[in-house]
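Because the structure is predicted, anything quoted here is derived from the model rather than measured.
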Amino acid sequence: LLLSTALVVLAGGLFVESSLYWWLLAVGLTICAWLFAPFIFNPYQFAHKHFWSDLKDWREFFFAHRSTFWIDWYTKTQLRP
């Protein structure tokens, strides 16, 4: 998204006012932060061994035992009386 926006701006296909450049900069920084945050805060996230372990745990949390783990968590944390 960031790269395609930059290419459109460089090609002259997007006419923006000078005040919108700050908005485009903010959007670009947000996109970059979302792209690099997993590597900064969890460097093992994309390691092959850890990825499959996390995927297995995620699947069990949502789908094992007819979703009782997820329903219990949702009831306890999100539906507080």
Side-chain angles (χ1 to χ4, degrees):
L1 182 61
L2 180 62
L3 182 61
S4 61
T5 303
L7 288 174
V8 169
V9 170
L10 289 175
L14 181 65
F15 178 72
V16 294
E17 300 285 328
S18 62
S19 62
L20 289 180
Y21 282 117
W22 290 110
W23 183 81
L24 288 174
L25 178 68
V27 169
L29 289 174
T30 302
I31 292 170
C32 288
W34 286 350
L35 286 174
F36 293 114
F39 296 104
I40 295 170
F41 295 109
N42 188 6
Y44 296 110
Q45 179 177 359
F46 297 104
H48 186 50
K49 180 178 90 173
H50 299 289
F51 173 77
W52 290 113
S53 174
D54 288 344
L55 186 63
K56 181 180 150 270
D57 292 340
W58 176 84
R59 187 185 69 226
E60 287 179 3
F61 179 75
F62 282 106
F63 300 113
H65 305 289
R66 300 182 66 179
S67 302
T68 56
F69 298 126
W70 180 80
I71 292 170
D72 290 342
W73 172 84
Y74 185 77
T75 304
K76 289 177 187 174
T77 60
Q78 303 300 314
L79 299 177
R80 295 180 198 153

Closest approach of Trp73 to Gln78 (non-hydrogen atoms, all atoms of both residues):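 Looks like CH2-NE2, 3.6 Å.
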Closest non-hydrogen atom pair, Ser67 against Phe62: OG-O, 2.7 Å
Rounded distance [0.5 Å steps], CH2 in Trp52 versus CG in Asp57: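 Taking CH2 in Trp52 and CG in Asp57, the distance rounds to 13.5 Å.
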Interatomic spacing from NZ in Lys76 to CD1 in Ile71 - rounded to 0.5 Å: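 If we round to the nearest 0.5 Å, Lys76:NZ and Ile71:CD1 are 12.5 Å apart.
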Beyond-backbone contact of Trp58 with Phe63, side-chain heavy atoms, under 4.5 angstrom: yes
ILVMFWY cluster, Leu25 and Trp34 together (side-chain gap under 4.5 Å): no
Atom OH of Tyr74 with >12 non-hydrogen neighbours under 6.0 angstrom: no
